[in-house]
Amino acid sequence: GQNIDQPTEMTATEGAIVQINCTYQTSGFNGLFWYQQHAGEAPTFLSYNVLDGLEEKGRFSSFLSRSKGYSYLLLKELQMKDSASYLCAVRGEGRDDKIIFGKGTRLHILP
Amino acid sequence: KAGVTQTPRYLIKTRGQQVTLSCSPISGHRSVSWYQQTPGQGLQFLFEYFSETQRNKGNFPGRFSGRQFSNSRSEMNVSTLELGDSALYLCASSLEGTSGIADTQYFGPGTRLTVL
């Protein structure tokens with residue numbers, strides 16, 4: 001079945017760069033998503049990867065290696081408002097044709 | 001364009017009761033998915049609907065059911081509530097529940113269910 005692993009918590013300093021890793025196992029592959037969720041709020045979409053490589057969007061970038069079942073989210077020039085949980089999600093194929101989420105990485109930003 | 005709406009926002013029930021939650025997707029979106037979110041388990045997939053058909057379901061007991069209407073609005077029902085059903089229930093809609101960027105899900109604010 002499908003499985004997604006990501007670190008539970010990370011801490012970084014304002015202005016720095018942080019990389020949040022995600023590894024997944026799924027039958028087939030139909031895309032990987034990253035979401036941001038602030039405490040008490042719903043998740044919001046950050047990025048989408050379906051081909052190997054890096055997708056850049058402002059301060060946020062996401063990388064995918066399908067052969068390794070691996071992705072990372074890179075956050076640059078960290079700001080206090082980036083303190084949130086970051087969720088990795090994958091859609092597989094066949095019986096795994098559904099979007100499932102990892103448990104999320106809670107990122108703490110220190111001043 | 002209005003976002004995903006969910007009603008009610010908060011609900012308190014007692015064990016053994018049943019509950020129905022409602023979700024209205026973004027206009028034009030045809031796929032609706034439901035998730036249960038708890039602090040220990042994160043977001044767990046319940047089911048996904050597309051054009052009134054259930055495309056897939058997660059590993060939840062049969063007490064959890066759902067449906068989608070012709071206008072893409074969706075409801076989920078939980079019967080014989082248990083204490084462990086206390087959670088935030090999130091609904092997400094997307095243009096097409098297949099693959100590609102159109103598979104991007106947009107979440108509603110959720111329904112906070114408390115079972116006493």
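Of the atoms belonging to B/Y35, it is side-chain heavy atoms, and not backbone ones, that fall under 4.5 Å from chain A. Neither the backbone nor the side chain of B/S33 comes within contact range of chain A; no heavy atoms are under 4.5 Å apart. Of the two parts of A/E93, neither the backbone nor the side chain holds a non-hydrogen atom closer than 4.5 Å to a non-hydrogen atom of chain B. Only the side chain of B/L90 comes within contact range of chain A, judged by heavy atoms closer than 4.5 Å. The contact between A/I99 and chain B is made by backbone and side chain atoms together, counting heavy-atom distances below 4.5 Å.
The number of heavy-atom neighbours closer than 6.0 Å to CD of A/E77, taken from other residues, nucleotides and ligands shown, is 12 or below. No more than 12 heavy atoms of other residues, nucleotides or ligands shown are found within 6.0 angstrom of CZ on B/R15.
Test B/Q105, B/Q44, B/Q37 against A/F101 for side-chain contact (heavy atoms from CB on, under 4.5 Å) and you get one pass: B/Q105.
When the side chains of ILVMFWY residues are joined at heavy-atom separations under 4.5 Å, either directly or via intervening members, A/Y72 and A/L51 end up in two distinct hydrophobic clusters. Under a hydrophobic-cluster definition in which Ile, Leu, Val, Met, Phe, Trp and Tyr are linked whenever side-chain heavy atoms come within less than 4.5 Å, directly or via other members, B/L113 and B/L83 are assigned to the same cluster. A single hydrophobic cluster is seen to contain both A/F45 and A/I100, as judged by linkage of ILVMFWY side chains at heavy-atom distances under 4.5 Å, directly or through other members. Follow the hydrophobic side-chain contacts under 4.5 Å out from B/V32 and you never reach B/Y106; the two are in separate clusters. When hydrophobic clusters are built by joining Ile, Leu, Val, Met, Phe, Trp and Tyr residues whose side-chain heavy atoms come closer than 4.5 Å, directly or via intermediates, A/L46 is grouped together with A/V50.
Listed here is the closest heavy atom pair of A/A42 and B/G108: CB-O, 3.1 Å.
Side-chain contact check for A/K98 versus B/R55: every heavy-atom pair is 4.5 Å or farther apart. A/F33 places a side-chain heavy atom less than 4.5 Å from the side chain of B/D103.
Between A/Y35 and B/F107, the distance from one ring center to the other falls under 6.0 angstrom.
When each of A/P43, A/G40, A/A89 is scored by its heavy-atom pairs under 4.5 Å with chain B, the top score falls to A/P43.
Close approach to chain A, defined as a heavy atom under 4.5 Å from one of its heavy atoms, is seen in B/N56, B/K57 of residues 56-76 of chain B, taken by number.
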